[in-house]
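Input: a single structure, listed below in structure tokens.
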2 protein chains.
Amino acid sequence: MNGLSAEFQHAVNPQDTTLKFRKGEIIFSQGDPGDCWFEVVSGTVRTCHFHVDGHRQLTGFFYKGDVFGVEYGARDAAAEAVTNTTLTRRPALNDGPNSSWQNRALERALDSANQCIFLLGRRNANERVAAFLLIAAKRLSALDSIPLPMTRSDIADHLGLTIHTVSRTISGFVRQGFIELEGPQLCRIVDLEGLRAIAGEEIGVAIDNMGAMRSRRGYAGQGAGV
Amino acid sequence: MNGLSAEFQHAVNPQDTTLKFRKGEIIFSQGDPGDCWFEVVSGTVRTCHFHVDGHRQLTGFFYKGDVFGVEYGARDAAAEAVTNTTLTRRPALNDGPNSSWQNRALERALDSANQCIFLLGRRNANERVAAFLLIAAKRLSALDSIPLPMTRSDIADHLGLTIHTVSRTISGFVRQGFIELEGPQLCRIVDLEGLRAIAGEEIGVAIDNMGAMRSRRGYAGQGAGV
DNA sequence: CGCACTCTTGAGGGAGCTCAACATTTGTGG
DNA sequence: CCACAAATGTTGAGCTCCCTCAAGAGTGCG
């Protein structure tokens with residue numbers, strides 16, 4: 001909101017550049033050549049698949065420290081800024097000894113896709129929303145207070161629901177005493193165990209093992225998005 | 001059927017081995033070390049994610065010529081034989097100049113996952129089943145007559161539906177004259193355009209571009225599964 | 001203040017799940 | 001080879017969950 005828009009700010013090293021995007025701006029589009037990848041410095045990013053029938057599928061949200069845009073040869077998903085966002089852009093590592101790094105990034109992207117599949121496969125609205133909240137809490141390492149910078153529409157297109165169902169489900173959780181809202185964009189978890197019970201054992205376990213997973217899988221501050 | 005079960009048949013070269021699995025046998029399980037990958041010589045394979053709540057999500061079917069098991073560090077999905085199956089097993093390429101090959105395999109796996117997400121995101125039963133049939137036809141290069149070696153339960157767990165809905169939907173397609181069945185495992189497409197219209201423009205286009213995609217993406221006989 | 005956008009909430013209907021029964025196929029043991 | 005059991009597939013009836021349609025409330029911005 002300060003006139004900065006996809007401008008180069010400064011070059012940290014000859015090939016890495018810092019970029020700023022304003023809320024809603026497109027970072028790259030489906031079909032663009034995938035000649036670089038990004039790390040989120042601040043803000044939130046979403047990746048989107050647009051389908052011919054008009055339906056939009058969000059495949060991931062990316063927060064501070066996450067990397068995205070590694071997994072695509074030619075971009076088969078678009079990336080957009082959910083909020084005002086600062087990114088570091090790095091050239092793609094197509095060859096050389098570092099391609100194993102890219103390999104791991106691809107594996108993380110696949111993990112992310114599998115998580116998305118998990119959210120979409122035969123689960124009802126309560127399970128999807130509860131799992132989404134817990135995953136967001138995990139990703140942001142904020143078990144008490146979860147910022148939700150994306151719109152209800154974004155959440156709906158991520159979970160395969162309508163905004164109405166998302167809104168109603170969240171309201172239901174508030175009524176049942178699982179969470180509290182401070183405005184639509186900030187969610188406080190009141191009954192963590194209750195939410196876990198709704199989302200299913202798996203998500204609860206995943207959260208318990210958060211620390212272990214980071215070390216075991218080499219996450220160390222870089223995630224694959226949600 | 002003939003007493004062969006996961007036996008080594010012969011070694012084509014020092015590290016590649018041929019394996020046979022009987023219908024329903026487990027090829028590898030979630031959590032196994034991913035130290036090799038497989039190519040389907042004959043038969044059909046499914047990859048499955050098992051969730052704590054008992055729900056099973058099939059992420060792909062693999063037919064003659066497909067490779068699978070490349071995409072997992074430690075296996076995060078199980079692989080099982082849908083029918084009696086012959087496989088070639090190769091050691092994983094964890095390093096060396098060939099890791100770019102593995103890279104492409106990972107990208108294909110990601111494509112496959114995205115296709116799965118596409119099938120699961122906000123589509124009704126007709127769209128899912130029609131898309132599934134068209135994708136199977138494409139994968140098997142058999143636009144007229146589609147073998148369906150997997151059970152209705154497998155299809156249901158792939159599409160996020162119940163076996164009842166899958167069965168009813170297929171019966172509906174027969175009644176409407178889109179397909180014919182010769183037993184539950186063999187499906188003949190009668191009205192291709194009609195099926196495409198149900199599945200959505202996207203799938204139809206994908207099928208039209210089948211040849212182009214193979215060459216453009218270097219598919220040449222190796223697929224990522226469906 | 002008025003417009004645009006997002007979020008929330010209600011009422012009604014329809015798609016798909018659950019429960020249930022039956023048909024068909026496959027496998028097994030006598 | 002047949003009888004029986006088990007697995008798989010099909011179909012119907014009822015009900016539930018979520019989508020659609022609709023209206024209203026809250027918020028930011030010009």
Side-chain angles (χ1 to χ4, degrees), chain A residues 1-3 22-24 46 53-56 82-84 119-130 132-133 147-176 179-187 198, chain B residues 1-3 22-25 44 46 53-56 58 80 82-84 119-130 132-133 147-176 179-187 198:
Chain A
M1 297 307 180
N2 47 15
R22 281 157 72 176
K23 176 175 169 179
R46 62 176 174 251
D53 56 13
H55 129 224
R56 182 182 71 150
V82 172
T83 62
N84 291 351
L119 280 175
L120 293 173
R122 273 265 282 288
R123 313 191 80 73
N124 65 28
N126 280 335
E127 292 168 336
R128 293 183 200 204
V129 174
F132 171 76
L133 292 176
L148 298 173
M150 69 292 290
T151 65
R152 297 289 185 267
S153 179
D154 286 338
I155 299 174
D157 287 347
H158 185 51
L159 301 180
L161 301 169
T162 62
I163 58 171
H164 315 280
T165 300
V166 170
S167 184
R168 261 188 278 267
T169 305
I170 290 179
S171 298
F173 287 168
V174 172
R175 256 193 309 280
Q176 294 166 291
I179 60 174
E180 288 173 354
L181 287 181
E182 300 181 12
Q185 318 274 22
L186 189 60
C187 169
I198 294 174
Chain B
M1 297 295 186
N2 47 14
R22 281 158 71 177
K23 177 176 169 178
E25 278 191 316
T44 306
R46 61 174 175 251
D53 56 12
H55 129 223
R56 182 181 72 149
L58 300 198
E80 300 171 353
V82 172
T83 61
N84 291 351
L119 280 175
L120 292 173
R122 273 266 280 288
R123 314 192 79 74
N124 65 29
N126 280 334
E127 293 169 336
R128 293 182 200 205
V129 174
F132 171 77
L133 292 175
L148 298 174
M150 69 292 291
T151 66
R152 296 290 185 266
S153 179
D154 286 338
I155 298 175
D157 287 346
H158 185 52
L159 300 180
L161 301 169
T162 61
I163 58 171
H164 314 279
T165 300
V166 170
S167 184
R168 261 188 279 265
T169 304
I170 291 179
S171 299
F173 286 168
V174 172
R175 255 193 310 280
Q176 295 166 293
I179 60 174
E180 288 172 354
L181 286 182
E182 299 180 14
Q185 317 275 22
L186 188 60
C187 169
I198 294 174

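Naming: A, B, ... by sequence-line order, numbering from 1 per chain. Keep in mind the model is a prediction, meaning the values are calculated, not measured.
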- Task: Summarise protein proximity over nucleotides 11-20 of chain C in one line of letters, 5' to 3': B for base, S for sugar-phosphate only, - for none, counting protein heavy atoms closer than 4.0 Å.
- Result: B----SSBBB

- Task: Scan side-chain atoms only and decide if B/His158 and B/Arg46 contain a donor-acceptor pair under the 3.5 Å cut-off.
- Result: no

- Note on the structure: Separation between CD (A/Glu127) and CG (A/Leu119), nearest 0.5 Å, reads 10.5 Å

- Item | Nearest-0.5 Å distance, CD of residue B/Gln185 to CZ of residue B/Arg152 | 6.5 Å

- Message: Expressed as a whole number of angstroms, how long is the span from A/Ile170:CD1 to C/dC7:P?
- Response: 9 Å

- Item | B/Thr169 OG1 to B/Gln176 CD distance, which is reported to the nearest 0.5 Å | 9.5 Å

- Just how far, in rounded Å, is P of D/dC17 from CZ of A/Arg128? 14 Å

- Please report, rounded to the nearest Å, how far the P atom of D/dG9 is from the CE atom of B/Met150. 11 Å

- Query: When the distance from CZ of B/Phe173 to P of D/dG9 is rounded to whole Å, what number comes out?
  - Reply: 18 Å

- Query: Which nucleotide, D/dT8, C/dT9, C/dC7, lies nearest any side-chain atom of A/Thr151?
  - Reply: C/dC7

- Item | Nucleotide D/dG9, atom C1' - distance to CG of B/Asp154 in whole Å | 13 Å

- Query: Rounded to whole angstroms, how far apart are CG on B/Asp157 and P on D/dG9?
  - Reply: 12 Å

- To the nearest Å, give me how far apart CZ (B/Arg152) and P (C/dA23) are. 19 Å

- Distance (rounded to the nearest 0.5 Å) between B/Leu181 CG and B/Leu148 CG: 8.0 Å

- Query: CD1 of A/Ile198 versus P of D/dC17: gap in Å, rounded?
  - Reply: 13 Å

- Message: I need the B/Ile155 CD1 to B/Thr165 OG1 distance, nearest 0.5 Å.
- Response: 12.5 Å

